[in-house]
Amino acid sequence: MSSDGLVPETRVLAIASHVSLFISSTSALVDVITVGVQVLTGGGRLSTGNHTGYRQFKGTRSTAQEISDLYQGLCQSHLTDFDVMLSGYAPSAAAVEAVGAIGLDLQRKAESRPGSFFWVLDPVMGDQGRLYVNDDVVPAYKKIIHHADLILPNQFEAEVLSGIKITSLSALAEAITAIHASYSVPHVIITSVQISQFSSSPAATSDSLTVIGSTTKSDGSPRLFRIDVPALDCFFSGTGDMFAALTVARLREAVFAADATLRATKSWVSPDDVQATDLPLAKATLKVLASMHSVLEKTLEARDAELRAAASAEENEPGLSEEEKQKREYLRRTKAAEVRVVRNVRFLREPAVEFQAQEWKKEDLPAGLQ
C-alpha cells in the first residue's frame, strides 16, 4: 500500500443487476472507493432501504439488453480501459450471458498486455441448500466461469459448480480441485464454510467460520489455504458483496507488492515455488477478513443498541396484532443488521490483521491430492 494508505490506482467496472443495491452494491462501492479504487457501475438501480432481505421489495431488475446497452455506451465514449471487472448477481440466464460477453470483450481488448485486465466473478445463485435464481441461470454461469480469473462461490454454490456435496474437508478439497479442472479457473475462494459441521467430535465448535482459497500451479493442481475467523452471532445482509469488493482492491495491492513480473502475468498466477500462504490471494484475503470482522463487530454493537431502543418504543404502541408484531420485529432486525461501513471506514484503510493463513496439510486432502 502507498504512504497515503491507498491501494494502487485501479479502474473497476462493477456489474450487478439487483432489485436494489442499498446493502449490496452501495456498501460495496464505499468499500473500494474508501481504499482508493475508482469504480464505474452498471446494471443496477439504487433504491435505498429496499432489498430482498426484507422479504418484500419494489423496483425492477436491469435486463440483459439494458446491461449490454450500458456497456455499448462506454465503448462509444472510449471508457473501457478497466483494470478489473467485478460481476455479481444477475437475475436471468440472458443477463449472465450479457455480463459474460462484456467480460470477454474486455479480455480481448487486453490480449496484448497480459495481466492488465482481471475478472472477478461472484456466481450468485443461492445459499443454505437452495437456489434463489431461475434454474437456467446455473448453466449460464457454467458457460462463462471458465473465462473468469477469480470466482467467489459460497459453499452451496461450490457444490452446484463442482457437482460434489461438501460433507467433509476431503470433499471440500475435491470440490475446489474439480472447479479448477472443470472451468480452468486460476483462483477460487469459497466463503464462509463452517468446518465444525464436518466433525462429529463433541470438541468441534461452531464459533468460527473458515474461508478456503486456492491458486493453481502450472499443472492445474491447487495450492490450498484456509483462514479461520471468529463467527459473530448475527446474520448480516450484504457481506458477500463487501467481501468481493474488498478482494478486488486487496488482491491488486498484493500483486503489486509481489515480484514485478507478476502484474504482467496472465491471471496473476504466481510461480509454482510460491507457497499457498505466500500467495497474493492469501495475503489479500487476510486483509479483507480483518477489515470485515472489525466492521461487523461494530455493526453488531450498533444493532444491539438500535434493537433495545426499538423495543422500548414498541412498549408504548399497544394494540398490534401478533402477526404485525412479528413482521415488525423481522424488519427491525433486518434493518438493524445493515452493515455500518461509512462510520467504520478506518478499518477498511488500516485493517488490524490478527488472523493467519494456514496451508492445508496432506492429511486434510483426499488421497489423490496427497
Side-chain angles (χ1 to χ4, degrees), residues 10-18 21 24-25 28-29 32 37-44 61-125 133 136-153 157 160-161 179-180 182-189 215-216 240-241 243-245 247-249 251-252 255 263 265-269 281:
T10 304
R11 285 179 52 81
V12 179
L13 174 62
I15 305 179
S17 182
H18 284 273
L21 298 162
S24 301
S25 292
L29 297 186
V32 292
V37 175
Q38 184 177 354
V39 183
L40 184 63
T41 61
R61 296 174 173 87
S62 292
T63 66
Q65 188 61 54
E66 287 170 331
I67 293 171
S68 298
D69 289 346
L70 285 168
Y71 180 68
Q72 288 306 312
L74 294 176
C75 292
Q76 291 168 10
S77 301
H78 304 287
L79 296 174
T80 59
D81 56 333
F82 297 106
D83 303 299
V84 178
M85 184 172 93
L86 170 59
S87 58
Y89 172 72
S92 67
V96 173
E97 291 166 0
V99 171
I102 293 171
L104 284 169
D105 189 58
L106 290 172
Q107 286 179 334
R108 283 192 290 268
K109 293 178 188 300
E111 276 180 346
S112 63
R113 297 170 289 116
S116 63
F117 175 74
F118 193 92
W119 181 2
V120 179
L121 189 157
D122 187 0
V124 181
M125 295 181 288
V133 295
D136 62 352
V137 170
V138 175
Y141 267 124
K142 289 182 176 181
K143 286 182 180 178
I144 71 166
I145 278 175
H146 67 276
H147 297 296
D149 298 294
L150 164 64
I151 64 170
L152 306 172
E157 290 158 350
V160 171
L161 293 174
I179 290 171
H180 279 315
S182 298
Y183 305 100
S184 300
V185 179
H187 308 276
V188 177
I189 298 176
T215 295
T216 55
D241 287 328
F243 183 92
T247 297
V248 167
L251 179 56
R252 187 164 162 84
V255 167
R263 73 185 74 166
T265 300
K266 186 179 185 301
S267 299
W268 300 341
V269 176
L281 192 66

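Going from atom CZ of R11 over to atom CG of D83 covers 8.0 Å, rounded to the nearest 0.5 Å. Taken from CD1 in I179 to NE2 in H146, the straight-line distance is 15.0 Å, to the nearest 0.5 Å. Here CG of D136 is found 8.5 Å from CD of E97. Values are rounded to the nearest 0.5 Å. Distance OG/S87 to CD1/I144: 6.0 Å, rounded to 0.5 Å. Here the CG-CG distance, from D122 to D241, works out to 6.5 Å after rounding to the nearest 0.5 Å. Within the model, atoms CG of L281 and CD1 of I189 stand 4.0 Å from one another, a figure rounded to the nearest 0.5 Å.
A pairwise comparison of heavy atoms in A110 and F117 identifies CB-CB, 3.7 Å as the closest pair. R263 and V255 get closest at one heavy-atom pair: CA-CG1, 3.8 Å. Closest of all the heavy-atom pairs between P186 and H180 is O-CE1, 3.4 Å. Scanning all heavy atoms of the two residues, the minimum distance from A95 to I67 falls at CB-CD1, 4.1 Å. The minimum heavy-atom distance between V137 and A93, with the atom names listed, is CG2-N, 3.7 Å. Between W119 and L121, the shortest heavy-atom contact is CZ2-CD1, 3.6 Å.
I151 is not listed as a side-chain neighbour of Y183, based on a closest heavy-atom distance of 4.5 Å or more. Within the 4.5 Å cutoff, side-chain heavy atoms of Q107 are placed close to those of L104. Y141 places none of its side-chain heavy atoms less than 4.5 Å from the side chain of V160.
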Side chain to side chain contact (heavy atoms under 4.5 Å, CB included) evaluation trace for T80 with Y71 | CA-CA 9 Å; T80 59; Y71 180 68; 4.0 Å; yes

Decide yes or no on side chain to side chain contact (heavy atoms under 4.5 Å, CB included) for L161 and M125, but give the supporting numbers first.
-> CA-CA 10 Å; L161 293 174; M125 295 181 288; 4.0 Å; yes

For V133 and Y89, what are the C-alpha separation, side-chain angles and deciding distance, and is it a side chain to side chain contact (heavy atoms under 4.5 Å, CB included)?
-> CA-CA 9 Å; V133 295; Y89 172 72; 3.8 Å; yes

Applying side chain to side chain contact (heavy atoms under 4.5 Å, CB included), run through F118 and L251 and close with a yes or a no.
-> CA-CA 10 Å; F118 193 92; L251 179 56; 3.7 Å; yes

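Under the salt bridge (charged side-chain N to carboxylate O under 4.0 Å, His left out) criterion, D69 pairs with no residue at all, not counting sequence neighbours.
Results of the side-chain contact (heavy atoms from CB on, under 4.5 Å) test with M85 over V120, I15, V12, V248 single out I15 as the only residue that passes.
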